[in-house]
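Data block below; observations after.
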Amino acid sequence: MGRFYITTPIYYVNDEPHLGHAYTTIMADVFARYHRVAGDDVLFLTGTDEHGQKVAQAAKERGVHPQDHCDEMVERFRRLWATLNISYDDFIRTTESRHRRVVQQILQRLYEAGEIYPDDYEGWYCVPDERFWTEKDLLDGKCPECGREVTRISEKNYFFRMGKYREWLTDHIRDDSRFVLPPARRNEMLGFLRRPLNDLCISRPKARLAWGIPLPFDESYVCYVWFDALINYITAAGYLQDADAFGRWWPASCHLIGKDILTTHCIYWPTMLKAMGVETPDSVMAHGWWLVDDEKMSKSLGNAIRPLDLADKYGVDAFRYFLVREMVLGMDSSFGETGFVHRYNSELANDLGNLLNRTVVMAKRYLGGRVPAADTNHPDLAELKVQARRTLDGVTDALDKMNPAGILDAIWDLVRQANRFAEAQAPWNLARDPDGKDTLKATIYGLLETMRYLAVLLFPVLPEKAEEIWAQIGADGEVKTRTMRDLHSWGGLRAGADVNAGSPIFPRIEPVEKDLSEKADMADGKEDLVPFKEFQKLEFRVARVESADRVPGADRLLTLQVSLGDEQRQIVAGVAKQYQPESLVGRQIVVVANLEPATIRGVASEGMLLAASADGRVALLQPDADVPDGAEVG
Ligand code: MSP
């Protein structure tokens, strides 16, 4: 049995998870699951990066301690990964004590070994942003982030002797062709190393930034966030805590990352490991960017795709499938819903969904809904069996090359072959032929058995649908416990087992989609029931009323200015008859924070206040203990 250790980047805890984060994590999940199916021992790690300026600032703006801020924010990632069926084995947060301890020990050792040394650092400082910039970072001599004036300052800092490893690293990247993948990125890194390599400043004075891991040899500094973050990969493997575990898991098989963080992973990280005397990971694989309308996704452009929107609309498995299928690893891809629907209909609904459907329906119609006792060596099955074997080899080979689209290609060869086989055998004719009984049984057995192969092989990409396939074809147990070993011999389905024709696993999508709310209304007789997934979309938050005024000419309405901690909102509320405006100021209330803005009597309203009402009386909902403004309710 092999061993496979795969990691994702640890995501900035402040960020709202979007399609890009979901992509890396789903890809890592798919690799991890394939290795489990291949029978390997797997460690799959993800987590969050929680130190640094941005977190400190966001927490300050909300008036909460940075740790509390992180504890709250991390849940967004955890929730999303649960919904997307991410099967991580460990979730690391850089604020955990297991990590802080390891980082401090590493710092101390490197310091004692002379790998870290103090020196004066000269640079340009942007006071409002509290950030240091080098000469070449500046834009027209000003701060590249906010465009304001910068001041030249010089301060003592600590440096890691990265520069001295330049030659070693160049050789390493050149000699080990799997270390940086794909090859274009390897060339990029070799190009980078042709220029001089500076030592790395790894400290920040506490006076400027206190939210970090303190340097053990100088308490007036904290560790630079990247130096701390990269170490997560060895903390989770047991470095300096559990020698057996570390011996088993390290070096990591693959750090899967986006191309934006190539330098930190291929230059900083291996030199840090070298200085520690620790082996480098087997490979760093950098994928490209998901673009939206050919632009980079970003908060400021307002074009970030929220993964849950799509997963809700089309199903988690279809979303996972699309991401794995669509992007050629290493290249950029543009995300578009039209392309998504097209692939869904042709590959999932037609090729795969129909194959399952016709198989189970025929088993029901012609064979009483049972797996037939058939001759599994019937000559008509020969080609299908060869293809099943080929597909298995193709999947193994593509997995070894870390080529997820290649895995799906190999699987689709079997899907298409099985569809052709069904057409050619024409079971509907065999059923009418008095001499066709044995061939009919063998044909349907062959199709059901093919579906068994497909369920095991597709489980890593379609974990929910593979279980459905498994149940429909009457296979024993659960697909999630199966491995490729179960596919080494043809004929694994038990004769006599019940075939349970269910509804289509991928119902066709009409290219023009009705909007979700209309769909919910159309659901027969269920107008009043809201699916949990819909309910989950609502964002209830605690807000503090900062001011309240009557709306002129509307005797029931008040305009409230409220604070959600990190933002201000204006909300129109129909409580003027029950509450004097001034009695509300300073109170905490509960609001629906993600309603579409509306204009009420000419006043913009960006949310809705929650209140109980009975017999004309109204009572505002409010938390029964003081909580930070903006706190989530749910
Ligand atoms: N915290 C650092 C990583 C530290 S790892 C020791 C970080 N975090 S991040 O939240 O910004 O995540 C960056 C990663 O998110 C990228 O490397 C990539 O995996 C993923 N993506 C973010 N936007 C993306 C796209 N538009 N497209 C594809 N993936 C991208 O950097």
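Just so you know, ligand 1 is whichever comes first in the structure, and atom 1 is the first atom listed for that ligand.
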Checklist entry - Is ligand 1 less than 4.0 angstrom away from at least one heavy atom of His265? => result yes
Checklist entry - So Tyr268 and Phe227, ring-ring contact (aromatic ring centres under 6.0 Å, His included) or not? Walk me through it. => result CA-CA 8 Å; Tyr268 297 8; Phe227 197 87; 8.9 Å; no
Checklist outcome for this item: Here the atoms of ligand 1 under 4.0 Å from any heavy atom belonging to Ile261 are 17 (O), 31 (O)
Checklist entry - Quick one: ring-ring contact (aromatic ring centres under 6.0 Å, His included) partners of Tyr321, sequence neighbours excluded? => result Trp412
Item to check | Proximal atoms of ligand 1 relative to Ala229 (non-hydrogen, under 4.0 Å) | outcome: 6 (C)
Checklist entry - Counting only heavy atoms, which portion of Asp260 has something under 4.0 Å from ligand 1: side chain, backbone, both, or neither? => result side chain
Item to check | Test item, Trp269 contacting ligand 1 (heavy atom, 4.0 angstrom) | outcome: no
Checklist entry - Run the side-chain hydrogen bond (donor to acceptor under 3.5 Å, both in side chains) check on Asp228 and Thr94 step by step: do they pass? => result CA-CA 8 Å; Asp228 145 13; Thr94 51; 4.5 Å; no
Next on the checklist: Closer than 3.5 angstrom, by distance alone: can the side chain of Arg174 be matched with the main-chain N or O of Leu169 as a donor-acceptor pair?
Outcome noted: no
Next on the checklist: With a cutoff of 4.0 Å, is Tyr23 in contact with ligand 1, counting heavy atoms of the residue only?
Outcome noted: no
Next on the checklist: Closer than 4.0 Å to some heavy atom of Asp49 - which atoms of ligand 1 meet that?
Outcome noted: 1 (N), 2 (C), 4 (C)
Item to check | Residue Gly288 vicinity, atoms of ligand 1 by number, heavy atom under 4.0 Å | outcome: 28 (C)
Checklist entry - Is it true that the side chains of Glu115 and Tyr165 contain a donor and an acceptor less than 3.5 Å apart? => result yes
Checklist entry - Under 3.5 Å, N or O to N or O, is Gly258 touching ligand 1 that way? => result yes
Checklist outcome for this item: By ring-ring contact (aromatic ring centres under 6.0 Å, His included), Phe159 pairs with (sequence neighbours left out) Tyr117, Tyr121
Checklist entry - Looking only at protein heavy atoms, which one is nearest to atom 3 (C) of ligand 1, and how far off is it? => result Ile10 O, 3.2 Å
Checklist entry - Is the Phe246 ring parallel, tilted or perpendicular to the Tyr239 ring (thresholds 30°, 60°)? => result tilted
Next on the checklist: Only heavy atoms of Trp226, strictly under 4.0 Å: list the atoms of ligand 1 that pass.
Outcome noted: 2 (C), 3 (C), 4 (C), 5 (S), 6 (C)
Next on the checklist: Are Tyr158 and Phe217 an aromatic pair, judged by ring center distance below 6.0 Å?
Outcome noted: yes
Next on the checklist: Under 6.0 Å from the ring centre and within 45 degrees of the ring axis: does the NZ or CZ of Lys465 meet both conditions for the six-membered ring of Phe506?
Outcome noted: yes
Next on the checklist: Can a side-chain donor-acceptor contact be found between Trp290 and His18 if the only test is distance below 3.5 angstrom?
Outcome noted: no
Item to check | Closest approach of any protein heavy atom to atom 22 (C) of ligand 1, naming residue and atom | outcome: His18 CE1, 3.7 Å
Checklist outcome for this item: min-distance protein heavy atom vs atom 18 (C) of ligand 1 -> Thr24 OG1, 3.5 Å
Checklist entry - Just checking, Arg343 and Phe340: is the charged tip under 6.0 Å from the six-membered ring centre and within 45° of the axis? => result no
Item to check | Where ligand 1 meets Gly20 - atom numbers and elements under 4.0 angstrom, heavy-atom basis | outcome: 20 (C), 21 (N), 23 (N), 24 (C), 25 (C), 27 (N), 28 (C), 29 (N), 30 (C)
Item to check | Protein contact of atom 29 (N) of ligand 1 - nearest heavy atom, named by residue and atom, plus distance | outcome: His287 CE1, 3.3 Å
Item to check | Region of Lys259 that comes within reach of ligand 1 [heavy atoms, distance under 4.0 Å] | outcome: neither
Item to check | Given Trp81, Tyr11, Tyr12, the one that forms ring-ring contact (aromatic ring centres under 6.0 Å, His included) with His21 | outcome: Tyr11
Item to check | Residue selection (non-hydrogen contact nearest atom 12 (O) of ligand 1) among Phe77, Tyr233, Tyr11, Trp289 | outcome: Tyr11
Checklist entry - What are the atoms of ligand 1, with element, lying closer than 4.0 Å to any heavy atom of His21? => result 10 (O), 12 (O), 15 (O)
Checklist entry - Out of Tyr12, Trp290, Phe227, Phe335, whose heavy atom sits nearest atom 9 (S) of ligand 1? => result Tyr12
